[in-house]
Amino acid sequence: MDDVPEDARVRSRWARAVLITLCVAVALVATTAGLGFALSMRVEGRSMAPTLADGEHVLTNPFAGDYTPARLDVVVLSPPGREAPMVKRIIGVPGDHVRVTDGRVLVQPGGTGPWLEVVTSAGDAWGRPPRECCESTGRGGVDAEVSVPTGQYWVVGDNPAVSEDSREYGWVPADRIKARLWTRLWPPAAIGDTPELRPA
């Protein structure tokens, strides 16, 4: 006959259940963290400062499905003619007019109505040569407004004085935009401030 009291057996079963639950939880957290780092990308350089810093790891939204890029989204993209991914901010969406003049980046949503200036909190002013934009290709070089073509986007870094972006490589086709950034994986935090659109 078993001499172990019933309450001791119950406590033992509870302790075993709690231990198993903790082990499963730790394993799930470790797996999720490992998978997150495997699916993340490392920010290289200062082109997205102060929103994202050099060396930070970011994670795209795994639940986005058929994602449609929107103005001011921070995205991972592969510019035309290049395969290496970059992180940039969408300024112009199809139908918008864009222009860079006097060191200011301007967008006219939908190509009508008032022009808005993109105001960033970066320490460096908008100023990476060429200062003026845009040619019909979306690249810099002339001080003129252009319309963003259907299926194309115009992107810039939040620290434009040091950013290689549409002013260098022109329009970015929709299929070259991989995903919207979801969160900063390391150090853990949400994606930083969004630039303001102010009347020009």
Side-chain angles (χ1 to χ4, degrees), residues 41 43 45-52 58 60-61 64 66-122 124-182 191-200:
M41 72 169 286
V43 176
R46 299 187 304 117
S47 72
M48 285 300 294
T51 307
L52 297 167
V58 292
T60 58
N61 187 347
D66 291 331
Y67 164 65
T68 300
R71 190 182 304 108
L72 298 185
D73 281 356
V74 178
V75 298
V76 175
L77 59 92
S78 294
R82 311 177 193 194
E83 293 308 317
M86 295 183 173
V87 178
K88 300 296 171 190
R89 189 178 296 277
I90 293 175
I91 301 298
V93 301
D96 285 355
H97 287 183
V98 293
R99 182 179 190 180
V100 180
T101 183
D102 296 326
R104 300 186 304 156
V105 171
L106 306 174
V107 59
Q108 186 183 44
T112 61
W115 284 85
L116 304 175
E117 180 180 359
V118 181
V119 180
T120 175
S121 59
D124 301 315
W126 296 101
R128 179 181 173 88
R131 291 179 178 273
E132 289 77 30
C133 192
C134 299
E135 297 176 354
S136 61
T137 60
R139 292 187 179 93
V142 296
D143 186 347
E145 67 178 78
V146 291
S147 179
V148 182
T150 301
Q152 307 285 329
Y153 294 84
W154 196 75
V155 302
V156 178
D158 283 2
N159 190 12
V162 298
S163 176
E164 182 178 351
D165 47 45
S166 282
R167 294 170 294 168
E168 307 273 342
Y169 45 73
W171 310 121
V172 178
D175 63 3
R176 305 290 291 183
I177 297 174
K178 307 305 180 185
R180 180 183 181 186
L181 286 198
W182 184 34
I191 300 300
D193 295 340
T194 299
E196 292 182 59
L197 293 177
R198 296 179 185 168

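Side-chain atoms are counted along with the backbone in the values below, which use heavy atoms only and exclude waters and symmetry mates.
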If we only count heavy atoms from C-beta on, is the R167 to V156 side-chain gap below 4.5 Å?
yes

In short, R71 meets P109 closest at the heavy-atom pair NH2-CB, 3.5 Å

Do the side chains of R89 and T51 get nearer than 4.5 Å, heavy atoms only? yes

Next item on the list: Indicate yes or no: at least one non-hydrogen side-chain atom of E132 is less than 4.5 angstrom from one of V142.
Entry: no

Q: Determine, stepwise, if the pair S47 / K88 fulfils side-chain contact (heavy atoms from CB on, under 4.5 Å).
A: CA-CA 8 Å; S47 72; K88 300 296 171 190; 3.1 Å; yes

Exercise. Can you check whether P69 reaches Y67 side chain to side chain, under 4.5 Å on heavy atoms?
Worked result: yes

Anything under 3.5 Å between a donor and an acceptor, one on a side chain of residues 74-83, the other on a protein residue two or more places apart or in another chain? List them.
unit_1 : atom_1 : unit_2 : atom_2 : d
S78    : OG     : E83    : O      : 3.2
R82    : NH1    : E164   : OE2    : 2.1
R82    : NH2    : E164   : OE2    : 3.0

From the list V100, T101, L116, side-chain contact (heavy atoms from CB on, under 4.5 Å) partner of L106 resolves to T101

Distance col, row H97:NE2 vs E145:CD, nearest 0.5 angstrom, shows 6.0 Å

Here the gap from T150 atom OG1 to W171 atom CH2, rounded to the nearest 0.5 Å, amounts to 11.0 Å

* To do: Check the pair D96 / W154 against side-chain contact (heavy atoms from CB on, under 4.5 Å), numbers first and verdict last.
  => CA-CA 9 Å; D96 285 355; W154 196 75; over 6 Å; no

So CG of D73 and OG1 of T68: to nearest 0.5 Å the spacing works out to 10.0 Å

| said: Are the side chains of Y169 and M86 in contact, using a 4.5 Å heavy-atom criterion? | reply: yes

Scanning both residues in full, the closest heavy-atom pair of G138 with C133 reads O-SG, 3.6 Å

Is it true that a side-chain atom of Q152 and a backbone atom of P94 form a donor plus acceptor pair closer than 3.5 Å?
no

request  = Evaluate the side-chain proximity of L197 to V118: yes if any heavy-atom separation is below 4.5 Å, no if none is.
outcome  = yes

Taken to the nearest 0.5 Å, the spacing of L72 CG from I90 CD1 works out to 9.0 Å

- Item | V98 and C134, any side-chain heavy atoms less than 4.5 Å apart | yes

Shortest non-hydrogen pair, D175 vs K178, comes out as O-NZ, 3.6 Å

- Task: May I ask you to test the W115-V107 pair for a side-chain heavy-atom distance under 4.5 Å?
- Result: no

